[in-house]
There are 2 protein chains.
Amino acid sequence: MDIRSLCLGALMAGDASGYEIRKMFEEGIFSYFQMASLGSIYPALTKLGQEGLVTFTAQEQENRPDKKVYSLTPEGRRTFLRTLFQTRPGEDRYRSDILFLLSFAHELPVELCEALIDEYSSRQEVMLEHIREAKCPTKSGPGPENTENPCQMAGPDFIGGLGEAVCKATLDFIDKNKESFLTELRNRRAGRP
Amino acid sequence: MDIRSLCLGALMAGDASGYEIRKMFEEGIFSYFQMASLGSIYPALTKLGQEGLVTFTAQEQENRPDKKVYSLTPEGRRTFLRTLFQTRPGEDRYRSDILFLLSFAHELPVELCEALIDEYSSRQEVMLEHIREAKCPTKSGPGPENTENPCQMAGPDFIGGLGEAVCKATLDFIDKNKESFLTELRNRRAGRP
DNA sequence: TACAGCATGTAAGCAGTTACATGATTCT
DNA sequence: AGAATCATGTAACTGCTTACATGCTGTA
């Protein structure tokens, strides 16, 4: 999935500025499985505008750059839908420095291992929070205004449920295994220093 | 984590050729949370060799290019350990085209949604298989020969357990929610065609 | 006072993917 | 016969991150 399709997808949920789109990928429902930075979003939006797939209206703001609120054109919508149908989905990929580092736990101080695990936990908790908020957004939540009631969209609901289940399983596993893991590390250290 | 550290990390588990290192990232324990392609591994190995962090012995093979079996130098080992200590782990990131596509389930044919979910499931099953094999490798399993018994390494065990828990949670969620999700999609379709 | 958030945009630089080049062997 | 596996290597291309440029508002 290239950044252009990602932007079109974000706009399917409602009009938004580049800044708001990034928020969707950072805190919203997409944050679980995609991400995009401003440095790639702005150029993508500009290009999509040139191709007639999006338009924008500049909202004037005092003492700030105009806020450009983008929306899909009918053609943009059609193009995106076509992309959805045609895309042969690429491999999933998960990257985690923390888990890589923890693979070498036997070479690291136990305190560092514990810190890494805790860091991993707290990140998962943040993610869980994001997913829950995205599933049942509070009024004036992040992202564009909800033109449709998102609770009527089955997709995000299913995906959100999946994300929730995964985060919970992760936190649960750590909860149950962290101490015995650290104890084992300490014993090994004591056994052959 | 840059590709160079990833290669050093792979070699911590034992000597290996570039081709074998890729296998570790494709099927071995690392496949769960990192990946690397041959086009990046070979140049990295060459560079590490120039820097004195790895050496290799060329194993002659009939009618094939010599197999270059790399091993860490003492300095390579030290460098990697230093890296482990110093690295401030980057954000985890998970990318999934399938989940992105499924976010728009309400715009897709139900059959396509089902196919996407099934594809997702089967990929998770493959991953689960890899993780299990990596945790309790069979004799002559993938990757370099096990110079140490991996069952004595707590890190991979913990990580493997985590990966297993996550895969299981995913498969479990899909098992329990797929049908009702598809039914809901079909009902919506029938309700307002 | 300093930092975080809002808000857009450009451009350099780099890391990694993909494709190309080559070729024998073994499995289906 | 064709595909996959083994095996290494180079190079173009792409797409993304990071940093820079600018500047007000609100909070700690």
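Keep in mind that the numbers below use all heavy atoms, side chains included, and drop hydrogens, waters and symmetry copies. Letters A, B, ... mirror the listed sequences (proteins, then strands); counts begin at 1.
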Would you mind telling me which of A/Phe85, A/Phe158, A/Phe80 makes a ring pair (Phe, Tyr, Trp, His ring centres under 6.0 Å) with B/Phe104? A/Phe80
Tightest non-hydrogen contact, residues A/Leu102 and A/Cys113, listed as CD2-O, 3.9 Å
Smallest separation among heavy atoms of B/Gly160 and B/Ile131, with atom names: O-CG2, 3.3 Å
Let me know the distance between [atom1] of [X] and [atom2] of [N], rounded to the nearest Å.
X       : N      : atom1 : atom2 : answer
A/Ile41 : C/dG9  : CD1   : C1'   : 13 Å
B/Glu60 : D/dT8  : CD    : P     : 14 Å
A/Gln59 : C/dA7  : CD    : C1'   : 12 Å
B/Lys47 : D/dT10 : NZ    : C1'   : 16 Å

Check whether A/Thr83 reaches the backbone of A/Thr79 with its side chain - one donor and one acceptor, N or O, closer than 3.5 Å. yes
Between B/Glu133 (side chain only) and B/Gly28 (backbone N and O only), is there a donor and an acceptor less than 3.5 Å apart? no
Axial cation check for B/Phe25 ring with B/Arg22, 6.0 Å and 45° limits: no
Could you go through the salt bridge (charged side-chain N to carboxylate O under 4.0 Å, His left out) check for B/Lys67 and B/Glu20 one step at a time? CA-CA 10 Å; B/Lys67 186 174 169 177; B/Glu20 284 167 341; 3.1 Å; yes
So which protein nitrogen or oxygen atoms get under 3.5 Å of nucleotides 11-21 of chain D's nitrogens or oxygens?
| from | atom 1 | to | atom 2 | distance (Å) |
| --- | --- | --- | --- | --- |
| D/dT17 | OP2 | A/Ser37 | OG | 2.7 |

Nucleotide N/O to protein N/O under 3.5 Å, stretch nucleotides 5-7 of chain D:
| from | atom 1 | to | atom 2 | distance (Å) |
| --- | --- | --- | --- | --- |
| D/dC6 | OP2 | B/Tyr19 | OH | 3.3 |
| D/dC6 | O3' | B/Arg64 | NH1 | 3.3 |
| D/dA7 | OP1 | B/Gln61 | OE1 | 2.8 |

Side-chain atoms of residues 49-56 of chain A: list all donor-acceptor pairs with protein atoms under 3.5 Å, sequence neighbours left out, distances to 0.1 Å.
| from | atom 1 | to | atom 2 | distance (Å) |
| --- | --- | --- | --- | --- |
| A/Glu51 | OE1 | A/Arg4 | NH2 | 2.2 |
| A/Glu51 | OE2 | A/Arg4 | NH2 | 3.0 |

